[in-house]
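Below: one structure, written as structure tokens.
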Amino acid sequence: MVNQSKSKMALSKIDAEIEQVDQEKYLRQATNYYQALEKPLKYGPVIETMDQLITALHREFESNYVNIEMVNHLMLSYKSNPKEWRKYAKFDRYTYTRNLVDAGNGKFNLLILCWGEGHGSSVHDHADSHCFMKMLKGDLREKRYEYPNRPNNSVSRDTSHQHSHEGDIDPRELVEIGETPIAVNDVAYINDNLGLHRVENPSHADTSVSLHLYCPPFDSCSVFQDNCKKTTAKVTFWSKYGVRTKPNEQ
Ligand SMILES: N[C@@H](CS(=O)O)C(=O)O
Ligand SMILES: [Fe+2]
């Protein structure tokens, strides 16, 4: 009896692990074709509160074949209500903060990012994950760049066959492909196939708050300098579930 339930437990753990690997594989492949959805789906569910959003997201991630359009829809459908997210919104004087709202059973991360006046991120990628970014308060400006040295983009085409000579200026520079303001309740979407980005709060008078969903979750990404130099950066949490993290829990 004990043995039987033990082996059942072991099996279901293996099943769960397989399921996660398959979902991860599926999500990574979907970054090749998924673009973005600007308007909510016509017949999609209406999301009234942040709790409803979180419950609906969990449901969406139960199966391996996550409906990414539905994830976009859910993020779009929720209308920002500061009372619901205030407890996660913790600011730092010097940099934007990343505050974990929900770890999505290991399948996605939902975070609230708090941007002080003029705060911005460096140019970065999203570790082969999907990134949905919904504005909750204030303004953010997103600048996009081509992903350097990635097959099928012009940066790698332009430079891969060139030989550099002494005195040459390194031709590799990040190529900007657009700049978009993101308004409250809008959702911006990016993945590494669409490029890199850098996000900034352009206001010197007001703070901004955004809600980010990453799937699969990641704990490091790449950061790029103007000359395309790439380094790995660990991403940390300023708080988890509304509680400030200690340095060893970040
Ligand atoms: N992707 C960044 C925030 S942003 O600039 O899009 C992060 O998770 O820290
Ligand atoms: Fe980002």
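Numbering of ligands and ligand atoms starts at 1, following listing order.
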* Numbered atoms and elements of ligand 1 in range of His126, under 4.0 angstrom, heavy atoms -> 1 (N)
* To do: Number the atoms of ligand 1 from 1 as they appear, then name those within less than 4.0 Å of a heavy atom of Tyr214, with their elements.
  => 1 (N), 2 (C), 3 (C), 7 (C), 8 (O)
* Asked: In a check of side-chain hydrogen bond (donor to acceptor under 3.5 Å, both in side chains) between Thr31 and each of Asn191, Asp192, Asn193, which one passes?
  -> Asn193
* To do: Examine the proximity of ligand 1 to Phe218 and report which part, side chain or backbone, both or neither, has a heavy atom under 4.0 Å away.
  => neither
* Glu142 near ligand 1 by a heavy-atom separation under 4.0 Å -> no
* Asked: Does NZ in Lys79 sit with more than 12 non-hydrogen atoms of other residues, nucleotides or ligands closer than 6.0 Å?
  -> yes
* Structure fact -> Among Ser121, Gly120, Ala127, the residue with a heavy atom nearest to atom 5 (O) of ligand 1 is Ser121
* Specify the protein heavy atom at minimum distance from atom 6 (O) of ligand 1: its residue, its atom name, and the distance to 0.1 Å. => His197 NE2, 2.8 Å
* To do: Return the orientation label for the Phe61 and Phe108 ring planes: parallel under 30°, perpendicular over 60°, tilted otherwise.
  => tilted
Donor-acceptor contacts, no H, no angles, side chain residues 40-53, under 3.5 Å, sequence neighbours left out:
| unit_1 | atom_1 | unit_2 | atom_2 | d |
| --- | --- | --- | --- | --- |
| Thr49 | OG1 | Gln52 | N | 3.0 |
| Gln52 | OE1 | Glu48 | N | 2.8 |

* Number the atoms of ligand 1 from 1 as they appear, then name those within less than 4.0 Å of a heavy atom of Val199, with their elements. => 4 (S), 5 (O), 6 (O)
* Residue and atom name of the nearest protein heavy atom (relative to atom 3 (C) of ligand 1), distance in Å to one decimal -> Leu113 CD2, 3.4 Å
* Name the orientation class of the two ring planes belonging to Tyr189 and Tyr34 (parallel below 30°, tilted from 30 to 60°, perpendicular beyond 60°). => perpendicular
* To do: Please find the N/O/S atom of His126 nearest to the Fe ion (ligand 2) and write down its name.
  => NE2
* So, does Tyr26 use its side chain to make a donor-acceptor pair with the main chain of Val66 at under 3.5 Å? -> yes
* Asked: Under 4.0 Å from ligand 1, counting heavy atoms only, is it the side chain of Val235, its backbone, both or neither?
  -> neither
* Structure fact -> Counting from 1 in the order shown, the ligand 1 atoms closer than 4.0 Å to a non-hydrogen atom of Tyr96 are 2 (C), 3 (C), 7 (C), 9 (O)
* Asked: Aromatic rings Tyr214 and His212: how do their planes relate, parallel, tilted or perpendicular, breaks at 30° and 60°?
  -> tilted
* Asked: Is the Fe ion (ligand 2) under 2.8 Å from any N, O or S atom of His212?
  -> no
* To do: To the nearest 0.5 Å, tell me how far Leu194 CG sits from Asp125 CG.
  => 12.5 Å
* Asked: Counting backbone and side-chain atoms alike, does His197 have an N/O/S atom under 2.8 Å from the Fe ion (ligand 2)?
  -> yes
* Reported CD1-to-OH distance for the pair Ile68 and Tyr33, which is rounded to 0.5 angstrom -> 5.5 Å
* State the atoms of ligand 1, each with its element, that fall below the 4.0 Å cut-off from a heavy-atom position in His124. => 1 (N), 2 (C), 4 (S), 5 (O), 6 (O)
